[in-house]
Amino acid sequence: AWRVHGKPQGVAHGVTEAEIYGLKIRSLISPTTHHWFPPFQRWQAREDIARFPSENENARARLGMVGAAGFLGLLGLLVFPRTPEADARARRLRATAVLTAALLLLGTVGGLSALFSLLVSSEIRAYNRVSALIAFLALAGVATWLDHWLRGRAARLRVLAFTVVLALGVADQLPPLRDLAHERADLAQRFEESERFWAPIEATLPAGAMVYQLPVRPYPLDSGVGRMGVYGHFRAYLTTRQLRWSYPALTDAQREWEQEVARVEPDNLPRHLAGLGFSLISINRAAYADEGQRLRELLTAAGATFVAESWEYLVLDLRPVGGLK
């Protein structure tokens with residue numbers, strides 16, 4: 001897509017970003033933040049004091065207690081291999097350990113990713129994100145070991161052992177989960193409000209009807225404007241089913257079209273957009289100091305019809321304009 005249409009504006013990854021956003025083994029096995037276990041709290045305090053360089057999203061790539069145990073166990077299997085076994089479990093464990101090591105060699109700071117970035121392409125940068133795959137392999141290793149050790153044991157003992165490991169893992173992850181859930185209620189309310197707002201509007205439109213969104217915002221470097229948050233235009237897209245939205249512009253051709261439309265004065269905009277086949281204009285009120293009231297007046301004076309409003313949106317209908325050129 002980049003070869004055919006050009007890269008999204010503002011996307012320029014440098015060679016050194018593979019190092020800056022590289023994986024760190026220390027982060028993988030470090031305790032999760034704000035932990036309830038005193039020794040882990042002291043560990044975290046020492047990390048905070050040390051102020052390691054290039055700490056960014058890679059500092060949050062932590063496997064947790066159970067995952068770290070599985071990760072170290074898989075590395076140990078490579079360093080201290082047992083006599084090869086013929087059963088499928090041994091082959092699975094060996095393959096899991098090899099994949100873990102390969103991901104580690106690829107993603108770690110100064111690893112193969114830096115060479116790939118230097119000699120082939122720098123378009124991939126955040127190699128620390130292979131931590132999600134490493135976490136899966138580490139937990140798969142733990143599950144395989146547990147299943148082997150408990151084979152032939154009473155069913156109650158097997159259930160108890162897996163339950164204890166699960167409970168320990170969940171308790172270990174509670175602090176970061178609490179951080180993630182801190183704003184959940186507010187976010188959920190906003191999405192529910194958006195769904196309730198757009199559902200009756202969407203019901204009056206044919207599938208695939210186009211909505212033009214104001215203000216025009218760049219992508220992917222959308223930092224928000226006014227009280228409108230980063231990527232704020234996506235909420236309407238995520239809470240509707242059959243409408244087509246003008247945001248984001250992904251290609252050079254789309255950006256040129258977007259810039260062309262942005263130069264159209266408000267008193268001509270409804271006519272212009274109707275001629276292009278748009279059915280509605282959606283104004284995100286949070287982006288404007290006057291909550292979009294002046295823009296609403298100009299657009300309705302030019303023929304657009306008021307449809308509905310909420311604390312977040314003003315919606316105007318372009319269909320009465322009649323698709324004029």
Side-chain angles (χ1 to χ4, degrees), residues 1-3 5-35 40-65 67-68 70-72 74-75 78 97-139 172-173 175-177 179-180 182-183 217-225 229-232 234 248-252 255:
W2 287 5
R3 234 183 352 257
H5 303 293
K7 289 192 294 185
Q9 208 167 43
V11 175
H13 296 162
V15 171
T16 58
E17 291 186 51
E19 296 262 303
I20 295 171
Y21 298 102
L23 185 72
K24 295 184 176 184
I25 297 174
R26 172 184 54 80
S27 293
L28 285 177
I29 62 177
S30 291
T32 54
T33 55
H34 308 117
H35 210 282
F40 286 176
Q41 291 176 354
R42 291 192 288 273
W43 182 338
Q44 184 64 55
R46 295 186 68 170
E47 274 198 343
D48 294 340
I49 293 170
R51 300 181 67 84
F52 288 100
S54 297
E55 293 284 273
N56 42 70
E57 64 177 67
N58 56 23
R60 299 191 294 276
R62 305 192 178 215
L63 299 175
M65 191 184 305
F71 171 72
L72 294 174
L74 291 172
L75 294 185
L78 292 176
V98 169
L99 283 172
T100 300
L103 288 169
L104 197 61
L105 291 172
L106 171 69
T108 191
V109 173
L112 298 177
S113 58
L115 289 174
F116 184 86
S117 182
L118 179 68
L119 301 177
V120 182
S121 172
S122 62
E123 299 301 349
I124 304 172
R125 59 169 189 164
Y127 283 91
N128 71 85
R129 296 175 189 176
V130 300
S131 59
L133 301 176
I134 292 175
F136 170 77
L137 294 171
L139 294 174
D172 179 60
Q173 296 289 330
L177 286 174
D179 292 342
L180 286 173
H182 180 66
E183 296 182 0
R217 297 300 303 154
Y219 183 86
L221 303 181
D222 183 355
S223 57
V225 58
V230 176
Y231 306 134
F234 273 134
L250 297 172
T251 67
D252 287 335
R255 281 192 297 273

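What you are looking at is a predicted structure, and each value in this text was computed from that prediction instead of being measured. This chain uses plain numbering: 1 for the first residue, then up along the sequence.
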- From CA spacing to verdict: side-chain contact (heavy atoms from CB on, under 4.5 Å), Ser30, Arg46: CA-CA 11 Å; Ser30 291; Arg46 295 186 68 170; over 6 Å; no

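- Scored by the side-chain hydrogen bond (donor to acceptor under 3.5 Å, both in side chains) test, Ser54 finds no partners at all (sequence neighbours excluded).
- One finds the CZ atom of Phe40 at 11.0 Å from the CD atom of Gln44 (value rounded to the nearest 0.5 Å).
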Contacts table for residues 104-118: side-chain donor-acceptor under 3.5 angstrom, sequence neighbours left out:
unit_1: Thr108; atom_1: OG1; unit_2: Leu23; atom_2: O; d: 3.4
unit_1: Ser113; atom_1: OG; unit_2: Leu106; atom_2: O; d: 2.9
unit_1: Ser117; atom_1: OG; unit_2: Val15; atom_2: O; d: 3.0

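- Taking CZ of Phe52 as the start and CG of Asn58 as the end, the distance is 12.0 Å to the nearest 0.5 Å.
- Taking both residues in full, the closest heavy atoms of Leu78 and Ala97 are given as CD1-O, 3.4 Å, listed atom of the first, atom of the second, then distance.
- For residues 13-23, every residue pair satisfying the side-chain hydrogen bond (donor to acceptor under 3.5 Å, both in side chains) rule, not counting sequence neighbours, is listed here: Glu17-Arg125.
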Considering only distance and modelled atom types, tabulate donor-acceptor pairs under 3.5 Å from the side chains of residues 130-138, sequence neighbours left out.
unit_1: Ser131; atom_1: OG; unit_2: Asn128; atom_2: O; d: 2.9

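- To the nearest 0.5 Å, atoms CD (Gln173) and OG1 (Thr32) are separated by 6.0 Å.
- Applying the side-chain hydrogen bond (donor to acceptor under 3.5 Å, both in side chains) test to Glu55 and every residue at least two apart in sequence or in another chain returns Lys24, Arg26.
- Tyr231 and Pro220 get closest at one heavy-atom pair: OH-O, 2.7 Å.
- Distance OG1/Thr33 to CD/Glu47: 10.0 Å, rounded to 0.5 Å.
- Residues passing the salt bridge (Lys or Arg N to Asp or Glu O under 4.0 Å) test with Glu57 are Arg129, sequence neighbours excluded.
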